[in-house]
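Only one structure is covered here, and it is reproduced in the block below.
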Amino acid sequence: MQLARIVGTVVATRKDDNLRGLKLLLVQPLAPDGRPSGRSLVGVDAVGAGVGETVFFVRGREASFPFLPRQVPTDATVVGSVDHWSAGAAGGRAPGEKQA
Amino acid sequence: MQLARIVGTVVATRKDDNLRGLKLLLVQPLAPDGRPSGRSLVGVDAVGAGVGETVFFVRGREASFPFLPRQVPTDATVVGSVDHWSAGAAGGRAPGEKQA
Amino acid sequence: MQLARIVGTVVATRKDDNLRGLKLLLVQPLAPDGRPSGRSLVGVDAVGAGVGETVFFVRGREASFPFLPRQVPTDATVVGSVDHWSAGAAGGRAPGEKQA
Amino acid sequence: MQLARIVGTVVATRKDDNLRGLKLLLVQPLAPDGRPSGRSLVGVDAVGAGVGETVFFVRGREASFPFLPRQVPTDATVVGSVDHWSAGAAGGRAPGEKQA
Amino acid sequence: MQLARIVGTVVATRKDDNLRGLKLLLVQPLAPDGRPSGRSLVGVDAVGAGVGETVFFVRGREASFPFLPRQVPTDATVVGSVDHWSAGAAGGRAPGEKQA
């Protein structure tokens with residue numbers, strides 16, 4: 001999985017039937033120091049996440065697991081909201097905390 | 001999933017039987033600011049998308065879900081047509097809108 | 001999927017039993033303008049493709065679909081031979097056509 | 001799989017039900033010479049690994065295999081703790097050993 | 001799949017039960033000209049390959065196919081030993097042959 005921040009939403013009226021009723025989020029992956037890292041992508045929400053929230057998301061076949069037995073065609077799903085994380089010598093951090 | 005623009009089509013007479021009757025699209029991934037980002041690829045259409053349209057597509061095993069129980073050998077499928085999206089401070093955008 | 005050109009073949013006597021009898025191709029991915037793009041890889045042939053031919057191939061779990069119910073351990077399979085493709089303002093192209 | 005070092009932990013109270021009770025680790029991939037290589041990611045622990053430990057992890061669909069029949073939505077799981085490895089002319093190394 | 005050279009081995013006493021008894025190899029991907037290309041990784045051996053040997057390996061879900069019905073959590077498996085390969089104008093090559 002990857003740490004990420006929710007940076008937007010996507011609205012699509014015409015879409016695959018198995019995506020109906022699901023929230024589409026614009027997701028920006030983060031490095032452990034909290035900075036954006038790599039390309040943002042479109043993910044499906046599985047935990048009620050909103051814009052500005054720090055989360056982690058899963059890619060690939062497993063991204064459809066939270067919706068089983070429905071076969072949702074998603075390859076990226078937000079599966080957790082992050083309380084805080086620690087990384088190496090940098091010690092513990094809360095999502096909103098500034099980099100020292 | 002990734003935001004993308006349909007930039008062309010691919011015609012292939014000789015192909016795997018489970019691809020017959022499906023439209024092959026040339027798909028250019030987009031960054032949240034609407035600019036091309038990364039390599040274009042060949043995707044299968046699942047929502048009736050056409051050239052110039054802004055869409056999102058799914059990769060991997062899930063790309064074959066819209067065609068189940070047919071086992072279509074596709075790793076990229078267009079599963080939604082985008083009405084508009086919002087990204088960070090940039091606010092809401094419609095697919096055809098110019099970057100400010 | 002990705003556009004590609006068949007640029008060679010691979011011969012392997014000692015291999016997994018489920019790969020026996022299948023042709024192994026050296027595959028060079030192409031950009032929409034017909035130029036090589038990214039690393040070449042080893043793919044299994046599912047359409048009778050030969051060296052010099054323009055094709056598209058599928059990656060991942062779906063690469064084994066053309067051989068079901070045999071569980072072929074391949075992550076890249078050539079599933080179509082390209083007649084021609086169109087890309088943006090460049091208009092239609094046949095595989096052998098030179099770039100203007 | 002990839003060699004990696006455990007560099008931190010992630011705490012998430014609100015998460016997919018099938019992730020409950022599992023330890024989330026911050027994992028830094030390593031090159032064969034023992035140096036960090038590529039982006040760190042969030043992985044699930046399947047072997048009781050702790051911060052500072054050298055491990056290898058598996059990506060993709062297989063990352064959920066250690067937890068079957070539970071369908072854990074993980075795309076990265078630590079599946080082994082490394083005693084030592086050898087790489088080319090450099091000879092054998094133990095995880096904590098300095099690069100010559 | 002990708003061409004590769006076996007450049008080392010990995011020893012791990014504590015690991016997922018379904019990896020027990022399998023040989024872990026350090027695998028360096030190769031470009032068609034025989035030079036190293038991209039990051040090396042840890043793969044499971046399915047053909048009895050040894051250090052210095054030229055092989056090809058499969059990634060992803062298919063990497064576990066050679067071990068079915070055992071659900072081995074591997075995302076990279078060596079499935080063939082290469083006798084020789086040909087690439088474009090360069091003509092045929094045997095694995096140990098020097099680049100002209």
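The model shown is predicted, which means the values in this text are computed figures rather than measured ones. Numbers restart at 1 for each chain; the letters A, B, ... are given by sequence-line order, proteins then strands.
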| said: So if I take each residue of residues 62-79 of chain D and look for any heavy atom under 4.5 Å from a heavy atom in chain E, which residues do I end up with? | reply: D:Glu62, D:Phe65, D:Pro66, D:Leu68, D:Val79
| request: Step by step, work out the side chain to side chain contact (heavy atoms under 4.5 Å, CB included) result for D:Leu3 and E:Val42. | output: CA-CA 7 Å; D:Leu3 296 171; E:Val42 180; 3.8 Å; yes
| Heavy-atom distance under 4.5 Å to chain D: side chain of E:Ile6, backbone, both or neither? | neither
| query | What closest approach, in Å, do D:Met1 and E:Leu41 show between heavy atoms, and which atom pair accounts for it? | reply | O-CB, 3.4 Å
| task | Using a cut-off of under 4.5 Å on heavy-atom pairs, state which of E:Gly52, E:Gly60, E:Gly43 scores highest against chain D. | result | E:Gly60
| field | E:Val51 portion near chain D, given a 4.5 angstrom heavy-atom threshold | value | neither
| query | Which heavy atom of D:Ser86 sits nearest a heavy atom of E:Leu26, and at what distance? | reply | O-CD2, 3.5 Å
| request: Would you mind checking which part of D:Arg59 comes under 4.5 Å of any heavy atom in chain E, side chain (CB onward), backbone (N, CA, C, O), both or neither? | output: both
| field | Under 4.5 Å from a heavy atom of chain D, the part of E:Leu19 involved | value | side chain
| Per-residue contact mode, E:Arg39 against chain D (heavy atom under 4.5 angstrom) | side chain
| Looking at side-chain heavy atoms only, is the closest gap between E:Val10 and D:Val82 below 4.5 Å? | yes
